[in-house]
Chemist: 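Here it is, the structure, as structure tokens.
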Amino acid sequence: MRRLGHTILLRSIPPALALGAAMILGLVIVAAAGHNPFGVMRNVVEAAQRSYGLRDDLAYVLLYATPLIFTGLSVAVAFRAGLFNIGGLGQVLIASLLCGYVGWKLASWPAIFAVPACITIAALGGAAWAAIAGALKAWRGSHEVIITIMLNFCAIAITDSLANGPWKAQGMTPQLPEIGACAKLPRLGAHPPGTEAGAPAIGIPLFPGHVQLNASIFIALLAAAGVWVLLFKTVRGYELRAVGHNPEAARAAGISVNRVTISAMAISGALAGLAATDFVMGKNYNFRQDDGLGYARGAFIGIAVSLMGQNHPVGILLAAILFGAMERTGFLLGDVPKDIVMILQAAVILFVISGNELFGRMLARKGVTT
Amino acid sequence: MPSVVFRRAAWSRHLNLAIEMVGIDKRFPRVVANSAASLTVAEGEIHALVGENGAGKSTLMKILYGLYAPDAGTVRVMGKEMRTFSPATSIAAGIGMVHQHFMLVPTLTVAENVVLGMEPRFGPWFDSAQAEHEVAEMSTRFGLAVEPRAKVESLPVGVQQRVEILKVLARGAKVLILDEPTAVLTPGEIEELYATLAKLKAEGRTVVLITHKLKEVKAASDRLTVLRRGATVGTAVTAEVTEEKIAEMMVGRAVAMKVDKKTAKPGDGVLSVKGLQAAGVGPVTFEVRAGEIVGIAGVEGNGQSELLECLSGLRASRIGSVALGGIDLSRSGPSAWFKAGLAIIPEDRQKRGLVGEFTVADNLVLGRHREARFVKRGFVRAAARDAEAAGLVKKFDVRPAEIAVEAQTLSGGNQQKAIIAREVSRQPRLLIAAHPTRGVDIGAIEFIHKAIVSERDRGAAVLLVSSELSEILALADRVLVMYAGQVAGELKSAEATEKKIGVLMAGAKL
Ligand SMILES: Nc1ncnc2c1ncn2[C@@H]1O[C@H](COP(=O)(O)OP(=O)(O)OP(=O)(O)O)[C@@H](O)[C@H]1O
Ligand SMILES: [Mg+2]
């Protein structure tokens, strides 16, 4: 137990330092852009307290963090198996399309069946899509990075043609009809009277009703717990990590590297696909091509989240919240260009990578391993 | 310039001491690697550093080479105290180290590897002609035959090691540290290496040599220092001590250098290989029966590695058949082999034997992790795993006796002991042991040999592959000699002698 605490402490040093360094860099850039950095900071703090106050900010941070938890976990599982899944975009898109389709077709089902069916199809859709890359890697030796990139384009084309074609709702926009009320996930806050009458809500007083924060965040938390159990408590997780660290030794020990490769990609894809529960079931209530593409692009930030979270579920939760907070800050900047947030995110990533490397070397000289 | 004169005077007083390490302490999180270790090496001598696995030899040398900073103690090189510890300062001070695991870039040529980081230039370009010229010159000067233009990946280990030594010499090393240089070499390569070391010594260079082979200590070194549990326990002039005495200094007790074993009582055939052919081997036909140890001797690179891969499911055999306990496994992967009763101590422990980032406990069940006792409904039974691991660590004397440390932090010999512990604990029908005592200390060799013999006596069939003839002669009940991928001859243990095996190994007929 003491060792665990020690490890967590050691591992959180580089991300913390990176964050500090990125903040300083951000302030320097703000200053270079002709703003007073301290004035901007004061403005952000003031803006954060306006209207609904900090409750509002908290809800938004969690809202932005939700998909990042899913995609961060997705990248982490693949990474633990020695695979780089950068196909989160395609997996989220395909899963969202299927989720939207099933939610629409099952409109007459009771919620107790419709909700699990939609969640399952989201996970399966993402899993199947990613498993293509896993299978090609295992059987044909194709590199998963190339394949997942290509699959992203295929996913865009497929969703585009279906949302524009046979599954299209009436009207001009490429989108599917709305999912049934039975398939909608409730919002965490109460919805303000007179708006979005169709949206179910839990009505937790802490969260203001106009934020789309919804129950999918619980699915994200469950997924994080599940990934932790899978990686560190199960035989499959043991095999997955063995393959990730040393595939030669794993193979020699009788572990089927091919099977692990395919299943790790599938699990990774399922986690990315679960983001559809937030997008389709919790926010949009249908699949819409343009919004979907924008939403799915967030999967690339999942790579950064996983990296910053050291491919560990706990780290990923923290990193997702951090990136959510950065995103929120972007809306509070006032007249400072919002690009600063992207610069901050990029800086954090760069500092984490280089910081990990430097810090690791420093520890190695001392002979400490984490 | 009085200050220069003064420094020269101070220098010359210590002229005969190349290295002086005093009171060195080095602690790792859970382990003390060095405590009050000391080492004094005179200029121009070949100094052997010996001690049990985990005694702290590599750590002490890594401190000298600047890879670790000591927690306490002083290090003087050529009379000058080292204040900062980094490879750069050590190299500047004239220290060079050849690590046990080579650090070459396989896709570059010999010349490119040697000059890496200090490349000769022609304007902004790399001057490869000049590099090749320099390397060729050094190669003749030191008698280290290499072809400067050859790609490193295509070279045998012995030659790769020469490249490593050249690399170190090219950086102007006056003191060469060699960490277990002979562990992976063939007998011929070992002789060449020692000829090179003698030449370097004649040139006035100093060599620190880590080895577990006491014969080599006797043959090559002038003086020796013994480490035990991190501390220096003695130093001696090599000519004045016997091998037995050195072993006793290392282990702290008398070591039996010879295994006593009863004559084998072979039972039914367990492993049967018929006309097996695959890339690099064959056709070979032989059988290993229950209760016997069959030794495979041969110069490395004569098909042993390929044969072992065929016999563990890592390489598909194209022609012929292999069967374990009557089950044909010619087309099966590793898991089927294990199910049929195989246990294997692999040739390359870093690559195939261990997952370095896993804990010792996780490694001690690797490959056995799906056995019912370690799994409960898909979950790892951590308590059962830890209990098993703790038992094995204790029984096989893996040091430190800690199951929660990463396997890669274990010393080389202790990694090997951990693998042997795991494989023997499978209670196999067939035990394949490839170079089982590579890099392990003399006390552990005794222990491992006993363990192999007791596996035989339990009724396991044992296939022993080793490039150490003494090991084959000590253990095998029957000896097969491999040459050019085929079995060149078979000898009963009674008729096997080093000479006869040597003849067959060289490809000649008896
Ligand atoms: N980086 C590290 N982290 C933690 N412990 C370490 C590390 N490196 C070495 N050790 C420990 O320090 C001790 C000494 O190790 P060292 O490698 O110096 O032994 P050695 O004498 O070279 O043994 P061998 O003959 O087996 O190579 C061992 O118990 C080892 O487990
Ligand atoms: Mg060592």
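The sequence lines fix the lettering, A, B, ..., with proteins before strands; numbering per chain opens at 1.
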Chemist: Specify which of B:Thr59, B:Asp362, B:Ile344, B:Val31 makes the most heavy-atom pairs with chain A at under 4.5 Å.
Modeler: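 The residue among B:Thr59, B:Asp362, B:Ile344, B:Val31 with the greatest pair count is B:Asp362.
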
Chemist: Would you please go through residues 243-257 of chain A and name the residues with a non-hydrogen atom below 4.5 Å from one of chain B, in numerical order?
Modeler: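 The stretch touches chain B at A:His245, A:Asn246, A:Glu248, A:Ala249, A:Arg251, A:Ala252, A:Ala253, A:Gly254, A:Ile255.
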
Chemist: May I ask you to check whether over 12 heavy atoms, not counting those of B:Arg426, lie within 6.0 Å of atom CZ?
Modeler: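 For B:Arg426, atom CZ is crowded (more than 12 foreign heavy atoms under 6.0 Å).
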
Chemist: So for B:Leu354, is it side chain, backbone, both, or neither that comes closer than 4.5 Å to the heavy atoms of chain A?
Modeler: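 Looking at B:Leu354, just its backbone touches chain A.
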
Chemist: Under 4.5 Å, counting heavy-atom pairs only, tell me which of B:Lys339, B:Gln350, B:Glu357 racks up the most with chain A.
Modeler: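 Highest number of heavy-atom pairs under 4.5 Å: B:Glu357.
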
Chemist: May I ask you to list the residues in residues 227-242 of chain A that approach chain B closer than 4.5 angstrom, counting heavy atoms only, ordered by number?
Modeler: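 Near chain B, by residue number: A:Val229, A:Lys233, A:Thr234, A:Val235, A:Arg236, A:Tyr238, A:Glu239, A:Arg241, A:Ala242.
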
Chemist: Check side-chain contact (heavy atoms from CB on, under 4.5 Å) between B:Lys62 and all other residues, then give those that pass, not counting sequence neighbours.
Modeler: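 Checked B:Lys62 against side-chain contact (heavy atoms from CB on, under 4.5 Å); matches are B:Leu67, B:Tyr68, B:Met97.
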
Chemist: Got a sec, which residues hit salt bridge (Lys or Arg N to Asp or Glu O under 4.0 Å) with B:Arg315, two or more places apart in sequence or on another chain?
Modeler: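 Per chain and number, B:Arg315 pairs via salt bridge (Lys or Arg N to Asp or Glu O under 4.0 Å) with B:Glu309.
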
Chemist: Can you tell which part of B:Asp71 gets under 4.5 Å to a heavy atom of chain A, answering side chain, backbone, both or neither?
Modeler: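 Nothing of B:Asp71, per the 4.5 Å heavy-atom cut-off to chain A.
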
Chemist: Count the heavy-atom pairs under 4.5 Å between each of B:Arg377, B:His369, B:Arg370 and chain A, then report the option with the highest count.
Modeler: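 Highest number of heavy-atom pairs under 4.5 Å: B:His369.
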
